[in-house]
Number of protein chains: 2
Amino acid sequence: MRFETTTIKDIAKALGFSTSTVSRALRGGYEISEETKRIVLEYAEKINYRPNPIALSLKERRSHSIGVVVCEIANNFFSQAINGIESIAYNSGYHVIITQSNENHEREVLNVEHLASRSVDGLLISLSSESNDISYLKSLHEKGLPIVFFDRVSEEINTHKVIANNFQGGFEATEFLIKSGYTKIGHFTNAAHLSITRERLEGYKAALEKHQIPFNESYVKYCSYSGLIQDEIDAAVKDILKLKERPDALFIAQDKISTSTLLALRKLDLEYGCKIGISGFTNSNVAPLFSPPITVVRQPAFEMGQQATQLLIKLIESKHPVTEFETKTLNTQLITHSSTNRKL
Amino acid sequence: MRFETTTIKDIAKALGFSTSTVSRALRGGYEISEETKRIVLEYAEKINYRPNPIALSLKERRSHSIGVVVCEIANNFFSQAINGIESIAYNSGYHVIITQSNENHEREVLNVEHLASRSVDGLLISLSSESNDISYLKSLHEKGLPIVFFDRVSEEINTHKVIANNFQGGFEATEFLIKSGYTKIGHFTNAAHLSITRERLEGYKAALEKHQIPFNESYVKYCSYSGLIQDEIDAAVKDILKLKERPDALFIAQDKISTSTLLALRKLDLEYGCKIGISGFTNSNVAPLFSPPITVVRQPAFEMGQQATQLLIKLIESKHPVTEFETKTLNTQLITHSSTNRKL
DNA sequence: ATCGTTGCCGGGAACGATTGCATTTTTTTT
DNA sequence: AAAAAAAATGCAATCGTTCCCGGCAACGAT
């Protein structure tokens, strides 16, 4: 049951050349006569010869591929980002290997190590919500593996980073609710230690402060599984419902948490869910269909994927060690569906 | 800028053994003394040695990985199927390489050939809607590459296949609309030549026939881009709206087309959209939130991915050429949200 | 004392491709 | 026509690993 391929040797044998001649003819080496080149190229074409990328990877110690680690591809943000990544990578001659951590630290480590041992030329990663300790990444980075962070970044490693303007997103989403007349605004968000959590929370707080609304700690719910587990969101919603002074609006800081919260509201108290104002991060293309309706903070996922990939390829192809790193911040977009600002 | 790794040679040099001895000690070869094994293993552990999978792939001409080709990972069905694939593959020691065709034939060919040249041990594929000619797959299959089809299969290649019970899905979705009191039932579906299109159409027709409703060709819209292009769906909806006798219900045969149709209805004629009955294939987790509401045909995507992977691994690991192939058909699930059958 | 076993280990080819250097062939120069 | 220069091609090492084969010691049996 072994899959047959044709090699440079087969060509050499069939044509009576040495493998070196064939190799050079195929890459158009200047030292090979036009005649020989023609013969070799024609024959290679005829038998549909394809160079073995594995042999090349072994020899050159690079694979012309980049590894991607995301939490889950089913998340709209990540699948769009991956499309952006692929769009750049393919045009630059790189293949993309996608892996999922499922928000699990151990899985993330396994994925990264596997990618590294497969000689990926570089790594694009958005950290899992469980990942507090990233020393494993640090050591890989120090050994020379080019890494670019996107979305969920870490301070601990000095390299390129691409993020959305999370502060802006949080601020605008919150301020929109305030301007729509809501004052008791709850906040559902990710695990507390993530960069995106901090930044979006800051935006939320800044909007409250600007409009002289006091910050209320009991209105903030940290969901460590990032909405991957519906029960966690149900519990958060129940907590909110139990409050003597319920929020009259919610700002939700993540894609999956947004949809999970809408589902929970529908299930637990639809009337309340339809009464309150809801704004939240999501890159879902079907958000306009949602009921209860939601005002959307959309991240430029595709562009983020593209820019991260451009930075990574620049790192990979740089002749000299790079020491100057940049953090690109892309603006989010607030999309209001007419039905949301119904208090106006 | 090259990434350093430790090899079996480093161990051999440090310990004064030959590479052969080290290699055998690491795999626990019987011909190596316990003492030597201990020394080698301890040292390997100490320097965190990891065998180079690329060298292994080159030598063994297999990579312990399986390639997956889907149309787009952003599609709920496929991302769930991929989770099923990974769940089995990882437990069996295989890595999964995911690629997207974006419903584009040329891209599909490129992806498959790249996967094959990377020595994937087998291939899981759901055909793109553009793929009519699959001779390239055929020749790969004849050369010995194990292939398992899922979801969108082809008759032309005799191998294992895993599909949903598309006839049943189409039948139940249509009959549900009929039983809810609708009689003029339109049908939006994929490109006509796809296996899933035929089967779901058959189910639709069978339900109509059972209830003595005449089949109306002008009620059927084939969307060759599978909902990837919103304009195509918008056009289909406009066509329907222009009919002197508009459908009072729609059965939609695919995930993306379902959501695109809902978006189009919202945009073009929300009142009509909310009045008609809609049932459709989708694996979206947020379908309960949709408005207009939709009765859902859900495919067992995760299980389909799992079963396809099990079949593929059986093929890969089979000692003898396999000649008996099976087609597994998994039942779909009809999920009615209370609000849909409002004619009752 | 010699032979066959057994246990342990090293040498080296192989996987497919590239590449520096050596070698052969052809062409040009004198 | 001989020598030098140029062009075309081959040899062999390399990447990291496995595995066939052969070597060598120690030991028991003859």
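Computed from a predicted model, the values in this text were never measured in an experiment. Chain letters run A, B, ... following the sequence lines, proteins first, then strands; residues in each count from 1.
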Could you tell me how far apart [X] ([atom1]) and [N] ([atom2]) are, to the nearest whole angstrom?
| X | N | atom1 | atom2 | value |
| --- | --- | --- | --- | --- |
| A/Glu35 | C/dT25 | CD | C1' | 16 Å |
| A/Arg50 | C/dA17 | CZ | P | 12 Å |
| A/Arg27 | C/dG16 | CZ | C1' | 12 Å |
| A/Ile11 | C/dG16 | CD1 | P | 12 Å |
| A/Tyr49 | C/dG16 | OH | C1' | 7 Å |
| A/Leu56 | C/dC15 | CG | P | 16 Å |

Hunt down the Watson-Crick or G-U wobble partner of C/dT30, both distances under 3.5 Å, from any strand shown, or write none.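 Check on C/dT30: paired to D/dA1, both distances under 3.5 Å.
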Compute the ring centroids of A/Tyr136 and A/His105, then answer whether they are less than 6.0 Å apart.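 Under 6.0 Å, so yes.
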Mind checking whether A/His95 and A/His64 have ring centres under 6.0 Å apart?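 Ring centres of A/His64 and A/His95 not closer than 6.0 Å.
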Assuming nearest nucleotide by heavy-atom distance, tell me which of B/Val22 and B/Ala55 is located more 5' along DNA chain C.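 Nearest-nucleotide comparison on DNA chain C picks B/Val22.
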With side-chain contact (heavy atoms from CB on, under 4.5 Å) as the test, would you mind laying out the steps for B/Lys13 and B/Ser18 before giving the verdict? CA-CA 8 Å; B/Lys13 200 175 294 171; B/Ser18 72; over 6 Å; no
Distances for protein N or O near nucleotides 6-9 of chain C N or O, under 3.5 Å:
unit_1: C/dC9; atom_1: OP1; unit_2: B/Thr36; atom_2: OG1; d: 2.7
unit_1: C/dC9; atom_1: OP2; unit_2: B/Ser33; atom_2: N; d: 3.0
unit_1: C/dC9; atom_1: OP2; unit_2: B/Ser33; atom_2: OG; d: 3.3
unit_1: C/dC9; atom_1: OP2; unit_2: B/Thr36; atom_2: OG1; d: 3.1
unit_1: C/dC9; atom_1: N4; unit_2: B/Glu31; atom_2: OE1; d: 3.4

Is there a side-chain contact (heavy atoms from CB on, under 4.5 Å) between B/Val69 and B/Val112 once you walk through the steps? CA-CA 7 Å; B/Val69 183; B/Val112 169; 4.0 Å; yes
Do B/Ser128 and B/Glu103 pair up side chain to side chain, a donor and an acceptor below 3.5 Å, judged on atom types alone?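 On atom types as modelled, these side chains do not qualify, holding no pair under 3.5 Å.
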State whether a side-chain donor-acceptor pair under 3.5 Å links A/Asn52 with A/Arg50.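 Not at all, the side chains of A/Asn52 and A/Arg50 share no donor-acceptor pair under 3.5 Å.
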How about CD on A/Glu106, more than 12 heavy atoms from neighbouring residues, nucleotides or ligands closer than 6.0 Å, or not?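 Count not over threshold, so no.
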Determine whether more than 12 heavy atoms belonging to other residues, nucleotides or ligands lie under 6.0 Å from atom OH of A/Tyr225.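 No - once you tally the heavy atoms of other residues, nucleotides and ligands closer than 6.0 Å, there are 12 at most.
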Mind checking which nucleotides bracket the chain A contacts on DNA chain D, 5' to 3', with an atom under 4.0 Å from a heavy atom?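 Contact span on the strand: D/dA8 to D/dG16.
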Does B/Lys138 pair with B/Glu142 as a salt bridge, N-O distance under 4.0 Å?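 Here B/Lys138 does not pair with B/Glu142 in a salt bridge, since their nearest N and O are not under 4.0 Å apart.
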Heavy atoms only, 4.0 Å cut-off, all strands: where does A/Thr7 land among base, sugar-phosphate and nothing?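 Since only primed, P, OP1 and OP2 atoms lie under 4.0 Å of A/Thr7, the category is sugar-phosphate.
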Could you tell me whether B/Leu58 contacts a base, only the sugar-phosphate backbone, or nothing, with contacts defined as non-hydrogen atoms closer than 4.0 Å?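 Here B/Leu58 touches the bases of the nucleic acid.
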Would you mind telling me which of C/dC15, C/dG10, C/dA17 lies closest to the side-chain atoms of B/Arg61?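 So the side chain of B/Arg61 is nearest to C/dC15.
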